[in-house]
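What follows is one structure encoded as structure tokens, with my remarks underneath.
Both counts, for ligands and for their atoms, begin at 1 and track the order of listing. The figures here come from the full heavy-atom set of this structure, side chains too, leaving out hydrogens, waters and symmetry mates.
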Amino acid sequence: METMKAVVKTKPEFGAELQDKPIPKPQPDWLIVKVRATSICGTDVHIYKWDPWSADRIGAKALPQILGHEVAGEVVEVGSSCKRIKVGDYISAETHIYDPGDLTSMLGAFHVGKNMKILGVDYDGCFAEYFALPESICWPNDKSIPSVIASIQEPLGNACYAVLGEDADVAGKSMVITGDGPISLFAIGVARVCGVAKIIHLGKYDFNMEIARKMGADLQLYTNQTTAQERLEFVMDHTGGDGVDIALEMVGSQDSINDCFAMVRKAGRLTAFGIAPESPVPVDYNNGIVFKGCQIHGINGRKIFDTWYRNRNLLASCRLDPTPVITNIFPLSEFATGFEKMLERPRKSAKVVLFPDKAEYEAAAKFMKE
Ligand code: ZN
């Protein structure tokens, strides 16, 4: 049996191990991809730490399991009933394996479909030399996009969906974006290229605040150095006293949720992306939503495949440059260092990308230097 290196969650506790595993074989409507680049997601960090969410969502019984879901790679084998994707194709993966027969999917909202399964959560993931995935979730990449960038399109899709909402009506508008994480930083870049006229970023870590400026934040506030009242006054001062057209809540903390409800103008849009550590969360229902007449937009995943299509075009045209957010790259064997970077507080990293292949890693290192 042919084997490969893979990062495996073996025990229901902190950490993971690099192991030799059999190279997977495809089911009829699945295919096998040789991984060129794979990035670490917040979800992987939850599983790596084995926090209550992952203990509940995955459970010790599912172990051992290979981590990872954000990827760019080359198709090396296709199952007997695959039609659209061919051997040699350069692909990334929508990680939500939707059920096309469920009502939500049939009505076009594939990303929140009922019997949703997730790559690297419900199935073995892509922190490996090879991995298997259904043809239905393959997204063909533009060949000009380097693998280090193609691997981060999945979280970039979250950012794209959060910024554009359902109507993509953002050009010339003002936007608050909260948080220091990679998706907040990507969202700033997407907002910039999509013509948002004023981007106000609320963060707290120097390292990430600087990345936010590189991505196009116009104004910034440190949430750990200001009061809620000071933040609100600042936003009102910069929006003619009306508040912002759109507020992206990307932290999930009570303070950030309060900020967004207070800062969004009447008849504006509040996008809820951050996950609160505990729910329900109190909000000012009457003044914050009803009398304000604002739209509340929940984001779970990416709009399949609308955000993939837009991001591929934005990346291939080089209109959108996500490289400032990619702060660290490592060979796959150094995955533990990658997770350490992700867990470090105060934050001194954003996106970390891993490479199973040495030549691919060296090419990415060269590209990131240029
Ligand atoms: Zn992800």
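Checked against the 6.0 Å centroid criterion, the rings of H111 and Y161 qualify as a close aromatic pair.
Applying the side chain to side chain donor-acceptor pair (under 3.5 Å) test to pairs two or more places apart or on separate chains, none has a residue in residues 325-334. Applying the salt bridge (Lys or Arg N to Asp or Glu O under 4.0 Å) test to pairs two or more places apart or on separate chains, those with a residue in residues 23-35 are K25-E77.
Distances under 2.8 Å from the Zn ion (ligand 1) pick out the protein N/O/S atoms C41 SG, H69 NE2, E70 OE2, E154 OE1.
For the pair R231 and Y222, the cation-pi test (distance below 6.0 Å, angle within 45°) is failed.
Residues meeting the salt bridge (Lys or Arg N to Asp or Glu O under 4.0 Å) test with D122, sequence neighbours left out: R57.
Ring geometry, F305 versus W308: the interplanar angle falls from 30° to 60°, so the pair is classed tilted.
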